[in-house]
Participant: 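Take a look at this one; I'll ask things after.
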Amino acid sequence: MNSITRRMLLACAVSVAAAGFVPASHAADKITLRMSTPASETDQRSVALAGVFAPAVADFATYEPHYNGSLIAQGSELEAIASGDLEMSIASAQELATFFPEFSIFATGYVHQNAAHQVAVFNDPLMDPFKKKVEDELGVKLLSVMYLGRRNVNLRQSKDELTVMKPEDLAGVNLRMPGSDAWQFLGKALGANPTPMAFTEIYTALSTGSVDGQDNPLPTVVDAKFYEVTKQVVLTSHLVDLNYVAFSKAVWDKLTPEQQAAVQKAADDAAESGRQAQLKKEEDLVAFLREKGMDIYEPDLNAFRTHVQAQYVGSEFAKSWPEGVLDKINALGN
Ligand code: KDO
């Protein structure tokens, strides 16, 4: 049956071609780039990829974004790319650390200083062995670094009910952190009681009180409307958070050198555009959140930094960091 069908289709195609009716459809040759992320469509990284990346590769690729973890669950994207079920994602260093523990260095509290520092680190030769390993062993290319922002502690309790100035003040606080070990470690290092949970479940968990809080940058607190179900943000800035534009190596290898250059430039341009938009939002949103009645204040940052850094010293994570890399990262900062 199959062969008859194939033969019939072939015959049909041949006769159409002979009649000169075959349209020179480039669309049919285009590759589809499925991108999966737990982020929303209005998140600035999503906006930048759809608005800057997609049109720049549109000649040869159809960008197909899937938001809110609707295609692939948060944390499984890299595996999906490796097995050919996905072409792109916005991957975190914490997710990469589940495969390559040394990536935890980029997920460690108070290591990256700001957005520019992230870019300097990503483009420095120190990143080359990290990128190569991911490419060789996972079949994933890390094209560019995206800025998510300064993660802060966002709680249901008002400041009157719970004022957080030091890590000790977070003792017993049930803080939602993303699922992987590197994230959970950071939650503990902050002094809290971390609870693993997918991003898409946070709003409900905050509204029902099954967690006391969550940590994310201010633009995420607004985009996901966490301000509706929380009362304070403690500006701990414990992680200047990043994501990598992750791209299938198998797909990359099928592209021409010109197409590869276009994909690379599109990723860099999208990352830069998203970074500027996110930085602006971080600045503007303090006023917005205060208008919504939230308490926003800075704790004793020195106490948090010292406490968090002390937890990493001698940890299993720190043992996986290649010799000298932390010093190089620090040297690229202010
Ligand atoms: C989150 O789950 O808290 C987190 O901020 C982790 C990031 O690595 C990133 O995946 C992000 O969620 C999602 O893209 C949603 O913004």
Side-chain angles (χ1 to χ4, degrees), residues 35-50 65-81 86 88-99 103-104 106-109 111-112 115 118 122 140 142 144-155 174-187 190 192 194-206 211-227 229-230 233 236-246 270-271 274-275 277-278 281-282 285:
M35 194 284 296
S36 184
T37 176
S40 73
E41 188 171 358
T42 46
D43 179 290
Q44 292 310 302
R45 293 160 302 162
S46 306
V47 169
L49 285 172
H66 297 266
Y67 303 114
N68 304 309
S70 58
L71 183 63
I72 308 285
Q74 180 175 25
S76 302
E77 298 92 342
L78 290 166
E79 248 171 283
I81 297 179
L86 186 69
M88 287 179 73
S89 76
I90 308 175
S92 66
Q94 292 82 352
E95 283 155 12
L96 281 153
T98 63
F99 298 94
F103 264 88
S104 60
F106 308 115
T108 295
V111 165
H112 283 116
Q118 288 179 349
F122 185 77
V140 172
L142 302 181
S144 208
V145 66
M146 294 196 118
Y147 180 68
L148 181 55
R150 296 177 179 277
R151 294 182 83 96
N152 299 305
V153 172
N154 173 211
L155 301 173
N174 206 351
L175 187 69
R176 176 275 171 183
M177 298 289 291
S180 77
D181 289 352
W183 281 116
Q184 294 294 302
F185 190 91
L186 179 60
L190 278 170
T195 303
M197 184 181 291
F199 180 78
T200 43
E201 288 166 26
I202 302 176
Y203 186 95
T204 308
L206 287 171
V211 292
D212 296 317
Q214 66 93 30
D215 87 305
N216 255 300
L218 296 184
T220 306
V221 172
V222 173
D223 187 57
K225 298 200 163 50
F226 295 151
Y227 61 85
V229 283
T230 56
V233 177
T236 45
S237 294
H238 52 271
L239 183 69
V240 181
D241 204 8
L242 57 76
N243 293 103
Y244 304 108
V245 180
R275 182 162 35 248
Q278 193 79 334
K281 278 196 176 282
E282 269 187 314
L285 290 177

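We count ligands from 1, going down the list as the structure has it; atoms in each ligand are counted the same way.
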Participant: For ligand 1, is there an atom lying under 4.0 Å from some heavy atom of Asn243?
Facilitator: yes

Participant: Quick one: look up the protein heavy atom nearest atom 14 (O) of ligand 1 and list residue, atom name and how far away it is.
Facilitator: Arg45 NH2, 3.0 Å

Participant: Considering only the protein, which heavy-atom contact is closest to atom 10 (O) of ligand 1, and what is its distance?
Facilitator: Gln74 NE2, 3.6 Å

Participant: Pull out every atom of ligand 1 sitting under 4.0 Å from any heavy atom of Trp183, numbered as shown with elements.
Facilitator: 6 (C), 8 (O)

Participant: Using a 4.0 Å cutoff against the non-hydrogen atoms of Asp43, which atoms of ligand 1 qualify?
Facilitator: 16 (O)

Participant: Under a 4.5 Å cut-off applied to non-hydrogen side-chain atoms, are His66 and Ile72 in contact?
Facilitator: no

Participant: Please report the shortest heavy-atom distance between Leu186 and Ala107, naming the atom on each side.
Facilitator: CD2-O, 4.4 Å

Participant: Provide, to 0.1 Å, the distance between atom 5 (O) of ligand 1 and the closest protein heavy atom, together with that atom's residue and name.
Facilitator: Asn216 OD1, 2.7 Å

Participant: What I'd like to find out is whether the side chain of Met35 reaches to under 4.5 Å of the side chain of Leu71, using heavy atoms alone.
Facilitator: no

Participant: Considering non-hydrogen atoms of the protein only, which is the closest contact for atom 7 (C) of ligand 1, and what is the distance?
Facilitator: Leu148 CD2, 3.8 Å

Participant: Heavy-atom contacts under 4.0 Å between Pro178 and ligand 1: side chain, backbone, both, or neither?
Facilitator: side chain

Participant: Using a 4.5 Å cut-off on heavy atoms from C-beta on, say whether the side chain of Met146 contacts that of Leu49.
Facilitator: yes

Participant: Please report the closest heavy-atom contact between Pro219 and Lys281, naming both atoms and the distance.
Facilitator: CG-CB, 3.9 Å

Participant: Step through it carefully: locate the ring centre of Tyr244, locate the ring centre of Phe122, and say whether they are under 6.0 Å apart.
Facilitator: yes

Participant: Would you check the N or O atoms of Thr220, main chain and side chain alike, for any that come under 3.5 Å of an N or O of ligand 1?
Facilitator: no

Participant: For ligand 1, note which part of Arg151 has a heavy atom under 4.0 Å away: side chain, backbone, both or neither.
Facilitator: side chain

Participant: Any non-hydrogen side-chain atom of Val245 less than 4.5 Å from a side-chain atom of Arg45?
Facilitator: no

Participant: For residues Val153 and His238, determine if any side-chain heavy atom of one lies less than 4.5 Å from a side-chain heavy atom of the other.
Facilitator: yes

Participant: For atom 3 (O) of ligand 1, what's the nearest protein heavy-atom neighbour? Residue, atom name and distance, please.
Facilitator: Arg176 NH1, 2.7 Å

Participant: For Thr37, counting its heavy atoms only, list the atoms of ligand 1 lying under 4.0 Å from any of them.
Facilitator: 14 (O)

